[in-house]
Amino acid sequence: MNFDNKAETKKILIMLPRQLGDVLLATPIATELRKHFPAAEIHWWSHPMAKEILNDNSFLNKVYYLPIWIKKKYKKTFFLKKFFLWLGYIFAELKLFFKLMFTGYDIVIDAINYPRSSLQAMATFAPIRISFKCNSVRDFAYNNLVDRTKLDEGYLGYTRLLLLEPLGIKISNINPLQIKLNLPILSENKIKPELWIKEQLEKLNAKKFVVMSPTSRYLDRCWPINHYTELAFLIIREFNIPVVWSRAPGEEEYILKVHHNLIAKLQYNNIQENYSLLPPLMSIREITYLTSLSVGCVANSNGMSHFAVASGTKMIQLHGPTVPLNWIPPDTNKYLGIQKNTGCYGCSSNVCKMPRHECMEDILPIDVFKKAVELFGLKKE
């Protein structure tokens with residue numbers, strides 16, 4: 001295919017199902033493809049969990065959501081009913097498989113290279129199939145492979161664009177400071193957050209707030225609860241600025257521990273407990289918009305930190321086993337990664353094997369507080 005003539009490319013498929021943060025970090029792929037293939041149809045293959053990210057994306061023409069079979073959901077279902085539900089799931093899988101096979105893609109970009117994605121990428125019979133090198137079996141599905149280790153050389157929202165180099169789109173010609181994560185925020189996504197935060201701030205006679213996201217899928221990536229409590233307390237005591245605890249669905253139990261921990265500390269110090277704000281459960285777009293109204297966000301290396309980036313607010317990201325270079329945009333005027341530089345850190349493991357979780361525990365609240373004051377421009381009023 002001659003990439004000097006972009007009109008030859010009619011249909012492009014991006015394949016990346018999950019996790020939410022990974023899907024969001026990959027949205028610049030669609031942005032760059034649209035710039036270079038303005039007339040092409042651009043489709044995305046994903047898990048239903050990513051609907052809030054991919055629906056309404058102006059750079060995409062169509063999104064296919066994978067059929068999902070959740071064993072736990074049907075554990076107590078009558079076996080005959082379960083059997084017919086399973087048949088429906090298999091039918092949906094085959095329907096999608098043949099849909100991809102006969103759509104007639106010119107280019108397939110598999111940004112994950114999993115067994116399922118590699119099989120379906122090969123089944124498209126697209127003349128150009130691109131992915132990262134993984135193993136000799138799955139790599140057979142592609143005719144253009146990119147060195148996966150190059151992903152680790154910078155911010156993933158940028159380095160994933162290496163997948164476009166086989167198309168003649170050189171990553172060196174793309175300014176990493178101009179990379180934006182694309183999360184559509186519609187007018188209806190603004191109503192609930194605006195009403196809620198306005199009411200809370202009026203009660204406190206406050207004008208600003210800070211967002212904190214203390215959760216993670218992996219506990220060993222979490223800064224200790226007591227550290228988050230101390231940081232929040234310092235911000236509240238010094239600047240009379242409330243703290244909003246941000247979380248995704250399923251993280252309610254952990255976030256309640258942090259919220260109640262801070263309330264106890266505020267009560268002990270005779271400070272109004274409603275400076276610790278736990279919003280009602282909101283959609284991803286709603287919590288992202290709420291974050292955009294804040295003066296800044298402090299988070300672990302988690303999915304919510306990427307939504308903070310998409311919101312446009314300033315952010316401090318706390319790292320222990322993870323590598324800041326991969327997860328933080330390079331704009332140092334808006335984003336800061338904090339990680340200790342002695343002892344054990346940056347192992348990339350999700351399970352700590354040390355007797356003490358020093359990489360996170362040794363990041364002191366007072367040090368994060370000083371950085372937050374500077375980056376967020378916090379001042380006494």
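The cluster map of Ile, Leu, Val, Met, Phe, Trp and Tyr, joined by side-chain heavy atoms under 4.5 Å apart, puts M360 and Y218 in different clusters. Hydrophobic clustering (ILVMFWY, side-chain heavy atoms < 4.5 Å, transitive): M315 and L183 are in one cluster. Residue L290 is not grouped with residue I191 when hydrophobic side chains (ILVMFWY) are merged at heavy-atom distances under 4.5 angstrom, including chains of intermediate members.
To the nearest 0.5 Å, the span separating OG on S213 from CH2 on W223 amounts to 13.0 Å. Residue L181 holds its CG atom at 9.0 Å from OG1 of T31, rounded to the nearest 0.5 Å.
No donor-acceptor pair under 3.5 Å is formed between the side chain of H43 and the backbone N or O of K11. Of the possible donor and acceptor atoms, none in the side chain of K371 sits under 3.5 Å from a partner among the backbone N and O of L336. When atom types are taken as modelled, the side chain of E251 and the backbone of T215 share no donor-acceptor pair closer than 3.5 angstrom. Side chain of N61 to backbone of I42: a donor-acceptor contact under 3.5 angstrom is found. No donor-acceptor distance shorter than 3.5 angstrom exists from the side chain of E153 to the backbone of T159, with no hydrogens or angles considered.
K265 has its side chain within reach of N269: a pair of non-hydrogen atoms, C-beta onward, lies under 4.5 Å apart. Counting only heavy atoms from C-beta outward, the side chains of P242 and L201 approach each other to under 4.5 Å. Side chains of F140 and M122 form a contact here, defined as non-hydrogen atoms less than 4.5 Å apart. Y289 is listed as a side-chain neighbour of E194, based on a closest heavy-atom distance under 4.5 Å. Under the 4.5 Å side-chain criterion, counting only non-hydrogen atoms from C-beta, R247 is not in contact with M304. Looking at T291 and F307, their side chains never come closer than 4.5 Å, going by heavy atoms from C-beta outward. Between D367 and I338, the closest side-chain pair of non-hydrogen atoms is not below 4.5 Å.
With a 6.0 Å radius and a threshold of 12 heavy atoms from other residues, nucleotides or ligands, E374 has its CD atom at or below the threshold. Atom NZ of K82 has more than 12 heavy atoms from other residues, nucleotides or ligands within 6.0 Å. In Y114, the OH atom is not crowded: 12 or fewer heavy atoms of neighbouring residues, nucleotides or ligands sit closer than 6.0 Å.
Looking at D110 and S117, their side chains do bring a donor and an acceptor atom within 3.5 Å of each other. Donor-acceptor pairing under 3.5 Å is recorded for the side chains of N55 and Y65. A donor-acceptor pair shorter than 3.5 Å cannot be found between the side chains of N113 and N135. A donor atom on one side chain and an acceptor atom on the other are not found under 3.5 Å apart for T27 and N57. For the residue pair W327 / Q317, no side-chain donor-acceptor distance below 3.5 Å is found, with atom types taken as modelled.
In this pair, Y228 and W245 present their aromatic rings perpendicular. The plane angle is above 60°, beyond the 30 to 60° band. Relative ring orientation between F102 and F98 is described as parallel, the plane-to-plane angle staying below 30° on a 0-90° scale split at 30° and 60°.
Salt-bridge check for E41 with K10: failed, with every basic side-chain N at 4.0 Å or more from each acidic carboxylate O. Salt-bridge check for E188 with R285: failed, with every basic side-chain N at 4.0 Å or more from each acidic carboxylate O.
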Would you give me the side-chain donor-acceptor pairs under 3.5 Å for residues 160-179, sequence neighbours excluded?
{"unit_1": "E165", "atom_1": "OE2", "unit_2": "I171", "atom_2": "N", "d": "3.0"}
{"unit_1": "N175", "atom_1": "OD1", "unit_2": "L177", "atom_2": "N", "d": "2.9"}

*Given side-chain contact (heavy atoms from CB on, under 4.5 Å), test V298 with F376 step by step and report yes or no.*
CA-CA 10 Å; V298 180; F376 300 163; 4.0 Å; yes
